There are 2 protein chains.
Amino acid sequence: MAKRERGTLSRAEIVRVAMEVAEAEGSDALTFRRLGPALGVAPTAVLRHFRDKDELLLAIGAQLLENALAEVDHDEPSWRERIMSLSRATRRAFVAHPRVAALVATRTLRQEAEFRTVELIIGAMEQAGLSGRAAASMYRVVADTVLAWTAFEANVHAVGLDVMRQDGLAWDREYVVLPADRYPHIRGVAEHLSEVDREDQFELALELVLDAVEARGTAAGHLLDGGANGASGDECQPDTLDIAVNCER
Amino acid sequence: MAKRERGTLSRAEIVRVAMEVAEAEGSDALTFRRLGPALGVAPTAVLRHFRDKDELLLAIGAQLLENALAEVDHDEPSWRERIMSLSRATRRAFVAHPRVAALVATRTLRQEAEFRTVELIIGAMEQAGLSGRAAASMYRVVADTVLAWTAFEANVHAVGLDVMRQDGLAWDREYVVLPADRYPHIRGVAEHLSEVDREDQFELALELVLDAVEARGTAAGHLLDGGANGASGDECQPDTLDIAVNCER
DNA sequence: ACCTGAACACCGTTCAAGT
DNA sequence: ACCTGAACACCGTTCAAGT
């Protein structure tokens, strides 16, 4: 070995090469033993910069989130556009590196990139008219919706483009030949099942959540303006399941 | 070894014990080498019943889905209630075995339990008034919403109850001490961030999607038979996205 | 301080051999 | 037909030793 000068290995370079290795050879290939040679270094040298493999994975997750945040226009005046921009950027950043994304998308990162993302979303919630508990609650719905869908999609893409295409065909193949007496509903729409665009669903699911934010924010605004009456006023019961309503005491 | 008569090992028993081992010792412990002794058998004996580890994982996923389907009342007349029932049952079944659930929730199973689930959801979409491409599209939004949230939640639970509680505290600890000048919005609601109930968010996210299904189904019904649609109430306006309105009768 | 190389305690999977 | 045990090609992580 000995192909590289001492002190030239950095966390940033390790993260970069780790992502390359995982995308090129499959996420199973992301091992210290392969990563070392790819960096021109002994496999165990990486452990001088990351305590264990988990710490490396979290750093990769942070990098993906950094990539997403870099694309967001933080001066966009509309809170709704800011959230959509962040969501689309996150989706793009994760799908651009599906194999590593699948490994980290459901992790809690607790790094600076995560703090900044939380800050951005909560700021948007407050601009929408929510505050306190309602803002915290809706932040979580928005964040988890983006993360859950992103993780799901990353997992789908991580299996590889060829397998994915084959999976799409499987909807045509396997589902079309299911016995019609036992699966009449599937047979009725089987031909359409493979046509569905996943990006459209992501957007739709998000729009629905943001509609809810908007409705609740406006209602809360009315309350502040003096209107103690209205649909939302009666819903502020301590035992109600409708957590999104602003029940500030 | 030799603790067990020949021919008494079955796929069902392997799946059952595998789930026990994973929940008791952590999902990392789900290896053939530990599974064998737990079954009173050589580690490689399991390979006589499952081609490889992936096939075992898919069988575990199918079992989880079977558990969920067994709880659903298939004769429930309201399509909306059937979907909610299926969704809650899926959530319960997966959270009841979080460690194995985390391993399989994002997989495509392509087994009988999955076919039956697809059939149930598409049937509900058609009863809601959707058909063809719209039914297929909305099926995917509903199914992916349930799967994505379930997978996400399973991953959260899989880290262990103690770590989870510590994570909850982390919201109090780490987020409360963030510098207020850089993260003013976080500081404003930090005290509420740890109070959010995840089950409520799951329900809310689902209700939002089902509202969309209902709105589209009613609209389609109006187009088809000029206004009267038995499956949905007339008081549900198709263009109303105000999710505070519940169209359930 | 940073890196190496051997060692330790594990993996999944294959395969000839047993019953 | 079903199961065993050895073997093969891998893992992450530790640690004494080098520079």
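Here is how names work: the chains are called A, B, and so on, in the same order as the sequence lines, proteins then strands, and each is numbered from 1. A quick note: this is a predicted structure, and the numbers were derived from the prediction, not measured.
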Exercise. Taking a pair as Watson-Crick or G-U wobble with both distances under 3.5 Å, which nucleotide is matched to dG18(D)?
Worked result: dC2(C)
Exercise. Are E153(B) and R91(B) within salt-bridge range, i.e. N to O under 4.0 Å?
Worked result: yes
For this session: Specify the residue among R33(B) and D28(A) whose closest nucleotide of DNA chain D lies further upstream toward the 5′ end.
Result: R33(B)
Exercise. Does R82(A) offer a backbone N or O that forms a donor-acceptor pair with the side chain of E76(A) under 3.5 Å?
Worked result: no
Problem set entry | Complementary nucleotide for dC8(C) - Watson-Crick or wobble, under 3.5 Å | dG12(D)
Seminar exercise, completed: Residue pair R6(B)/D52(B) against DNA chain C: nearer the 5' end by closest nucleotide is D52(B)
Problem set entry | Presence of salt bridge, R88(B) and E203(B), under 4.0 angstrom | yes
Problem set entry | Whole angstrom value for the distance that separates C1' of dT13(C) from CZ of R51(B) | 13 Å
Exercise. Taking the C1' atom of each, how far is dC11(C) from dA7(D), in whole Å?
Worked result: 14 Å
Exercise. When we call it a touch if two heavy atoms are under 4.0 Å apart, what does L47(A) touch: a base, just sugar-phosphate, or nothing?
Worked result: base
Exercise. Looking for any heavy atom pair under 4.0 Å, which part of the strands does R34(B) touch: base, sugar-phosphate only, or nothing?
Worked result: sugar-phosphate
Exercise. Whole Å only: how far is the CG atom of L56(A) from the P atom of dC11(D)?
Worked result: 15 Å
Exercise. Quick one: is dC2(C) close enough that its OP1 or OP2 comes under 4.0 Å of any side-chain N or O from H49(A)?
Worked result: no
For this session: Measure from the side-chain heavy atoms of R48(A) and tell me the nearest of dT13(C), dT4(D), dC3(C).
Result: dC3(C)
For this session: Answer yes or no: is there an ion pair linking E55(B) with R11(B), defined by an N-O contact shorter than 4.0 Å?
Result: yes
Exercise. Tell me: CG of L35(A) to P of dG12(D), nearest whole Å?
Worked result: 9 Å
For this session: Whole angstrom is fine here: how far is it from NZ in K53(B) over to C1' in dT14(C)?
Result: 17 Å
For this session: Take the protein atom CZ of F32(A) and the nucleotide atom P of dT14(D), then report the distance between them rounded to whole Å.
Result: 10 Å
Exercise. After noting the C-alpha distance and the side-chain angles of V189(A) and Y139(B), does the key distance pass the side chain to side chain contact (heavy atoms under 4.5 Å, CB included) rule?
Worked result: CA-CA 10 Å; V189(A) 301; Y139(B) 147 72; over 6 Å; no
For this session: Let me know the distance between CD of E13(B) and C1' of dC2(D), rounded to the nearest Å.
Result: 15 Å
Exercise. Quick one: is dT4(D) close enough that its OP1 or OP2 comes under 4.0 Å of any side-chain N or O from T44(B)?
Worked result: no
Exercise. Roughly, in whole Å, what's the span from CZ in F50(A) to P in dG12(D)?
Worked result: 14 Å
Exercise. Can you check the R11(A) CZ to dC2(C) P distance for me, whole Å?
Worked result: 13 Å
